[in-house]
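One structure below.
Residue numbers count from 1 along this sequence. Computation of the quantities below employed the complete heavy-atom set of this structure, encompassing side-chain atoms and omitting hydrogens, waters and symmetry-equivalent molecules. Since the structure is predicted, the reported quantities are computational estimates derived from the model, not experimental observations.
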Amino acid sequence: MAQTTGRVISETGFAEVMHLVDEQQEWNRRTRDLIARARPCPLPVNDGVPSVMIPQWHRGTTWARDAARAFHDEVAERVSAGVSVCPGERARLTPGAATSPRALEAAGIPVLELHADNVDARSADGDALTRTVGDWLDRHVLAGG
């Protein structure tokens, strides 16, 4: 019996929830890999993030697992159809949060660190950020050095 709730956990129910979590994460991994391999990029970040994060709040449910699979299937259709959010894509940016910027640089991958508040845009100059990213892309990514 649980000390906090006074209820007994169902091991079978727990196993079912964990199985759904694993399935959902597998669909998310497949979708991530599909997007990473796709040229050009088939969807904008502002479509992808909610499609993954909203089901994450419901993980362990059939709905969340099914939503992850439906998102994967939609992305696969977009890739097959050649949908592009940026026709003529020459470079793609990814968030450095997944890996240390120093590790990326050591591997020869150009890194640009932006220091801005992603919640409160009032503290940043959007035009300056756009120029900074554009200049960096031109000098370090697209120029090959």
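- When side chains are defined from C-beta on, Asp127 does not count as touching Leu129, because their heavy atoms never get closer than 4.5 Å.
- Proximity of a side-chain donor or acceptor of Arg78 to a complementary backbone N or O of Pro42 within less than 3.5 Å is detected.
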Which is it for Asp135 and Arg131 under the salt bridge (Lys or Arg N to Asp or Glu O under 4.0 Å) test, yes or no, and what are the steps along the way? CA-CA 6 Å; Asp135 291 346; Arg131 281 191 306 278; over 6 Å; no
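- Contact check for Leu114 versus Trp136: no side-chain heavy atoms found under the 4.5 Å cut-off.
- In the hydrophobic cluster analysis, where Ile, Leu, Val, Met, Phe, Trp and Tyr join through side-chain heavy atoms closer than 4.5 angstrom, Ile35 is grouped together with Val45.
- Between Arg65 and Glu16, none of the side-chain N atoms (NZ, or NE/NH1/NH2) sits under 4.0 Å from a carboxylate O, so this pair counts as no salt bridge.
- Side-chain contact between His140 and Leu112 is absent, with no heavy atoms from C-beta onward closer than 4.5 Å.
- Shown here for Pro87 and Ser84, the closest heavy-atom pair between the two residues is N-OG, 3.2 Å.
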With side-chain contact (heavy atoms from CB on, under 4.5 Å) as the criterion, how do Val75 and Leu43 come out once you've worked through the C-alpha distance, each side chain's angles and the decisive distance to 0.1 Å? CA-CA 8 Å; Val75 170; Leu43 76 159; 4.1 Å; yes
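- Hydrophobic clustering of Ile, Leu, Val, Met, Phe, Trp and Tyr side chains at less than 4.5 Å, counting indirect connections, unites Leu142 with Val133.
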Salt bridge (Lys or Arg N to Asp or Glu O under 4.0 Å) between Arg102 and Glu113, intermediate numbers included: CA-CA 11 Å; Arg102 299 310 145 239; Glu113 291 186 67; 2.5 Å; yes
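- Taking the six-membered ring for Trp and thresholds of 30 and 60 degrees, His72 and Trp27 have ring planes inclined between 30 and 60 degrees apart.
- In this structure, the side chains of Gln56 and Asn28 come closer than 4.5 Å at one or more pairs of heavy atoms.
- Here the shortest heavy-atom pairing between Pro55 and Ala64 reads O-CB, 3.4 Å.
- Closest approach of Val111 and Pro101 over heavy atoms only: CG2-O, 3.6 Å.
- For the pair Leu20 and Thr61, the tightest heavy-atom approach, listed with the atom from each and the gap, is CD1-C, 3.8 Å.
- Follow the hydrophobic side-chain contacts under 4.5 Å out from Ile9 and you reach Met18 in the same cluster.
- Remark: His19 NE2 is loosely packed, at most 12 non-hydrogen atoms of other residues, nucleotides or ligands lying under 6.0 Å away.
- Closest non-hydrogen pair, Asp47 versus Pro50, comes out as O-CD, 3.6 Å.
- Both Val52 and Leu34 are assigned to one and the same hydrophobic cluster, defined by single-linkage of ILVMFWY side chains at heavy-atom distances under 4.5 Å.
- Between atom CD of residue Glu74 and atom CZ of residue Arg69 there is a gap of 14.5 Å, rounded to the nearest 0.5 Å.
- Judged purely by atom type and a 3.5 angstrom limit, Gln24 has no side-chain atom pairing as donor or acceptor with the backbone of Asp66.
- The shortest non-hydrogen separation linking Gly48 to Phe71 is CA-CZ, 3.8 Å.
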